[in-house]
J.: 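A single structure is presented below for examination.
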Amino acid sequence: MTELRENGVYRVPEEERKKVSGEMIGGWADSDTMRKAISDVYEKYDYLMDPHTAVAYAVYDNLRRSGKVTRHTHTVIISTAHPYKFPGAVSEALGIAAEENPYDTLRSIKKYTGIPIPSQLGELENRKKRFTDVINPENIKESIQEVVDEIVK
């Protein structure tokens with residue numbers, strides 16, 4: 001981790017890389033591919049994915065189609081986020097106009113898909129915002145110090 005912090009590079013030792021090279025493959029997907037994956041999976045399977053899962057699915061699909069993952073190989077893609085956490089990307093993928101208010105966009109997605117908005121997310125609309133300060137990157141150190149000084153008083 002020191003090399004990453006000091007030089008911006010992280011290297012996996014050759015021995016470790018060899019251990020996992022036969023077990024792991026990867027790839028990437030751009031935003032258009034991600035949105036297409038959300039749309040395609042929703043239309044084909046009636047399953048609404050979040051953008052992160054859509055990238056994983058798109059990479060898997062590409063690897064399978066290119067023969068890097070053989071047909072009928074058991075594959076697990078683990079979704080870690082709810083699609084409603086990303087109303088802009090999901091609405092765009094489904095061809096739904098995004099509203100100025102993201103909660104209105106969530107309601108539009110719900111109307112289109114029939115998938116309820118999770119109560120924890122929906123309730124945020126009416127809660128008081130806890131964090132409203134915007135800190136410029138050049139002021140981060142000073143801002144953190146102010147918070148620490150306030151805590152230790």
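Residues take their numbers from the sequence shown, with the count starting at 1. We use all heavy atoms of the structure for the numbers below, so side chains are in, but hydrogens, waters and symmetry mates are not.
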J.: Any pair with a residue in residues 67-90 that passes side chain to side chain donor-acceptor pair (under 3.5 Å), sequence neighbours left out, goes on the list, sorted by first then second residue, please.
T.: Asp50-Ser79, Thr53-Ser79, Thr70-Thr73, Tyr84-Thr113
J.: What's the shortest heavy-atom distance between Val90 and Pro51, and which atoms?
T.: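 In terms of heavy atoms, the two residues are closest at CG2-CD, 4.4 Å.
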J.: If you look at every heavy atom in Ser108 and Ile96, which pair is closest and at what distance?
T.: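 Between these two residues, the closest heavy atoms are CB-CG2, 3.8 Å.
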J.: Which residue pairs pass the side chain to side chain donor-acceptor pair (under 3.5 Å) test when at least one of the two sits in residues 39-48, sequence neighbours left out?
T.: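 Qualifying pairs: Lys36-Asp40.
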J.: Ignoring hydrogens and angles, write down the donor-acceptor pairs under 3.5 Å from the side chains of residues 4-15, residues two or more places apart or on other chains.
T.:
{"residue": "Arg11", "atom": "NH1", "partner": "Glu3", "partner atom": "OE2", "Å": "2.2"}
{"residue": "Glu14", "atom": "OE1", "partner": "Arg17", "partner atom": "NE", "Å": "3.4"}
{"residue": "Glu14", "atom": "OE2", "partner": "Arg17", "partner atom": "NH2", "Å": "2.6"}

J.: Can you name the residues that form a side chain to side chain contact (heavy atoms under 4.5 Å, CB included) with Thr33, not counting sequence neighbours?
T.: Ala29, Asp30, Ala58
J.: Running the 4.5 Å side-chain criterion over Ile, Leu, Val, Met, Phe, Trp and Tyr, what cluster does Ile78 land in, apart from itself?
T.: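 Besides Ile78, the cluster holds Val76.
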J.: Give, for atom CD1 of Ile109 and atom CD of Glu99, the distance between the pair rounded to the nearest 0.5 Å.
T.: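 If I round to the nearest 0.5 Å, the distance is 10.0 Å.
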J.: Only counting residues at least two apart or in another chain, list the ones meeting salt bridge (Lys or Arg N to Asp or Glu O under 4.0 Å) with Glu100.
T.: none
J.: Scan the side chains in residues 136-153 for donor-acceptor partners under 3.5 Å anywhere in the protein, sequence neighbours excluded, and list what turns up.
T.:
{"residue": "Ser143", "atom": "OG", "partner": "Asn139", "partner atom": "O", "Å": "2.9"}
{"residue": "Gln145", "atom": "NE2", "partner": "Asp149", "partner atom": "OD1", "Å": "2.7"}

J.: So which heavy atom on Ile77 is nearest to which on Ala56, and how close?
T.: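 Scanning both residues completely, I find the closest heavy atoms to be CG2-CB, 3.7 Å.
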J.: Name the atoms and distances for all side-chain donor-acceptor pairs under 3.5 Å in residues 120-135, with sequence neighbours left out.
T.:
{"residue": "Glu125", "atom": "OE1", "partner": "Arg107", "partner atom": "NH1", "Å": "2.9"}
{"residue": "Glu125", "atom": "OE2", "partner": "Arg107", "partner atom": "NH2", "Å": "3.1"}

J.: Give me the atom names and distance for the closest heavy-atom approach of Pro87 to Thr105.
T.: O-CG2, 3.6 Å
J.: Do you know which two heavy atoms are closest between Val41 and Met49, and how far apart they sit?
T.: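 The answer is CG2-CE, 3.4 Å.
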J.: I'd like to know whether Trp28 forms a side-chain contact (heavy atoms from CB on, under 4.5 Å) with Val55, so could you lay out the CA-CA distance, the side-chain angles of the two residues, the decisive distance to 0.1 Å, and finally the verdict.
T.: CA-CA 7 Å; Trp28 68 279; Val55 167; over 6 Å; no
J.: Is there any salt bridge (charged side-chain N to carboxylate O under 4.0 Å, His left out) pair reaching into residues 108-118, and which pairs are they, with sequence neighbours excluded?
T.: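 Residue pairs passing salt bridge (charged side-chain N to carboxylate O under 4.0 Å, His left out), neighbours aside: none found.
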J.: Does anything in residues 49-71 pair up under ring pair (Phe, Tyr, Trp, His ring centres under 6.0 Å), and if so which pairs, sequence neighbours excluded?
T.: His52-Phe86
